[in-house]
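Working notes, structure below.
Values below: all heavy atoms of this structure, side chains included; hydrogens, waters and symmetry mates excluded. Remember, it's a predicted structure, so these values are computed and weren't measured experimentally. Residue numbers begin at 1 in each chain, while the letters A, B, ... track the order of the sequences.
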Protein chains: 2
Amino acid sequence: MRDAAQTRLEAWKAQGFDFQACPVRQVLDHVAAKWTSLILLELENGPQRFNALGRALPDISKRMLTQSLRDLERDGLVRREVFDTKPPSVSYSLTDLGASFLTPLHGLIDWASEAMPVISEARLVFDDN
Amino acid sequence: MRDAAQTRLEAWKAQGFDFQACPVRQVLDHVAAKWTSLILLELENGPQRFNALGRALPDISKRMLTQSLRDLERDGLVRREVFDTKPPSVSYSLTDLGASFLTPLHGLIDWASEAMPVISEARLVFDDN
DNA sequence: GGATACAGGTCTCAATTAGAGACCTTTTGT
DNA sequence: ACAAAAGGTCTCTAATTGAGACCTGTATCC
């Protein structure tokens, strides 16, 4: 929006206000990561291994699965454990923090299920078909 | 994951299963749109005009603001009204459906506020500083 | 009456991010 | 000896985003 608004933004930044530090944004960015929520939902069924997660979410690429899991691990929502089997297997599971995220997430999902018919209808009207 | 999983995915698709029709994914994609939730939160304070929203969300580009608003309008979460003033002004406001989304969204935000300190700590540990 | 400003966008181009899929290492099964 | 499975990484391409110039029309300032 580089208008007057941008000037204000820069003023804030100059005063040390860090936009990225806003918890709302951070969490929304997280949910916004598109795959992370889906992974967390999968792990709700219990710990799973890398390839099992890949199978459960067939349209995620390995690249994004790895990256999303790393992000979740870094934020302490998911625990990664390597077992020294042959071949070595890696198990991913929810931490307590990760599990606590499921409550608000399910709130969202419940809303989605109820709202979906209304949204579909709204789309048809908007696209005027 | 184009392994065995992809084969299964394609089998599902061949049987007419539409992944995009999953309401969970649709909503998560929505929240995932990064700006839409922020816009909805802004509109919680009452109807606002295009540039006012831009000012409230200083780091969104006009391009994304326009596009996000269109998406929200299409899904029936936001109402767009043009007033024939000079110069014409455009007001955006929440529909009932849009307002109903705020409940689960606040659930998420509350979780975020509580979890943020824990997450920050986890990040420090992970990044080993 | 010409310059400037605001409203609400659109358009183009560059930078970022995501996706597809080949490849790697070790070990077991046939 | 050959293929397969585990858990990834790496590269290349495609799609998405962001920055910001530009547009149309009225109103205001000097």
Side-chain angles (χ1 to χ4, degrees), chain A residues 1-10 13 19-20 25 28-30 32-39 42-43 47-73 78-93, chain B residues 1-10 13 19-20 25 28-39 42 47-73 78-93:
Chain A
M1 290 300 291
R2 183 163 289 280
D3 294 272
Q6 196 67 12
T7 312
R8 188 176 53 152
L9 213 210
E10 270 150 19
K13 278 184 182 162
F19 250 97
Q20 305 311 64
R25 300 249 180 154
L28 290 181
D29 279 357
H30 224 139
K34 182 175 186 177
W35 294 113
T36 51
S37 301
L38 265 1
I39 291 174
E42 261 307 305
L43 291 180
Q48 304 211 31
R49 304 203 323 210
F50 184 85
N51 283 333
L53 282 170
R55 260 172 255 126
L57 273 21
D59 50 352
I60 191 175
S61 64
K62 284 189 172 196
R63 195 177 151 293
M64 287 317 292
L65 182 54
T66 302
Q67 187 179 304
S68 304
L69 284 169
R70 288 284 177 284
D71 288 349
L72 289 169
E73 189 192 355
V78 156
R79 182 172 26 243
R80 178 176 186 273
E81 289 165 294
V82 181
F83 295 105
D84 198 13
T85 55
K86 309 286 177 74
S89 59
V90 180
S91 167
Y92 292 94
S93 54
Chain B
M1 292 298 289
R2 185 163 287 281
D3 292 272
Q6 196 69 10
T7 310
R8 189 176 53 151
L9 212 210
E10 271 150 18
K13 279 183 181 161
F19 249 97
Q20 304 310 64
R25 300 248 180 154
L28 291 180
D29 279 356
H30 225 140
V31 181
K34 184 173 184 179
W35 294 113
T36 53
S37 300
L38 265 2
I39 291 173
E42 260 309 304
Q48 304 211 32
R49 305 206 324 216
F50 185 84
N51 283 331
L53 282 170
R55 260 172 254 124
L57 273 21
D59 51 351
I60 191 174
S61 64
K62 284 189 174 197
R63 195 178 152 290
M64 287 316 292
L65 181 54
T66 302
Q67 187 179 304
S68 303
L69 284 169
R70 288 281 177 284
D71 287 348
L72 288 169
E73 190 192 354
V78 155
R79 182 171 28 240
R80 178 177 186 271
E81 289 165 295
V82 181
F83 294 105
D84 197 12
T85 54
K86 311 287 180 72
S89 59
V90 180
S91 168
Y92 291 94
S93 54

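- The separation between A/Asn51 atom CG and D/dA5 atom P is 10 Å, rounded to whole Å.
- For B/Arg70, counting side-chain heavy atoms from C-beta on, the closest listed nucleotide (D/dG8, C/dT10, D/dA6) is C/dT10.
- Shown here are the side chain to side chain contact (heavy atoms under 4.5 Å, CB included) partners of A/Pro87, two or more places apart in sequence or in another chain: there are none.
- With sequence neighbours excluded, no residue satisfies side-chain hydrogen bond (donor to acceptor under 3.5 Å, both in side chains) with A/Arg70.
- Between the CG atom of A/Asp84 and the C1' atom of D/dG7 there is a distance of 14 Å, rounded to whole Å.
- Checked against side-chain hydrogen bond (donor to acceptor under 3.5 Å, both in side chains), A/Ser91 has no partners two or more places apart in sequence or in another chain.
- Remark: P of D/dT16 and CG of B/Asp71 are 12 Å apart, rounded to the nearest angstrom.
- For A/Arg63, there are no side-chain hydrogen bond (donor to acceptor under 3.5 Å, both in side chains) partners at least two apart in sequence or on another chain.
- Remark: B/Thr66 engages no residue in a side-chain hydrogen bond (donor to acceptor under 3.5 Å, both in side chains) (not counting sequence neighbours).
- Among the nucleotides D/dA6, C/dG8, D/dG8, the one closest to any side-chain atom of A/Arg55 is D/dA6.
- Protein atom CG of B/Leu53 is 16 Å distant from nucleotide atom C1' of C/dC6, rounded to whole Å.
- Counting to the nearest Å, the C1' atom of D/dC10 and the CG atom of A/Leu65 are 16 Å from each other.
- Counting non-hydrogen atoms under 4.0 angstrom, B/Tyr92 reaches the backbone sugars and phosphates but no base.
- The side-chain heavy atoms of A/Asp71 and A/Val78, taken from C-beta on, include no pair separated by under 4.5 Å.
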Original post:
How does protein reach along nucleotides 22-30 of chain D, written 5' to 3' as B (base within reach of a heavy atom under 4.0 Å), S (only sugar-phosphate), or - (no contact)?
Top reply: ---BSS---
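- Rounded to an integer number of Å, the gap from CZ of A/Arg49 to C1' of D/dA6 is 7 Å.
- In this structure, the side chains of B/Trp35 and B/Asp59 come closer than 4.5 Å at one or more pairs of heavy atoms.
- Distance check: B/Leu53 CG to B/Tyr92 OH gives 8.5 Å after rounding to the nearest 0.5 Å.
- One finds the CZ atom of B/Arg55 at 8.0 Å from the CZ atom of B/Arg49 (value rounded to the nearest 0.5 Å).
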Subject >> Per-nucleotide protein contact string for nucleotides 12-19 of chain C, where B marks a base within reach and S marks sugar-phosphate only (heavy atoms under 4.0 Å, - for neither) >> reply: B-----BB
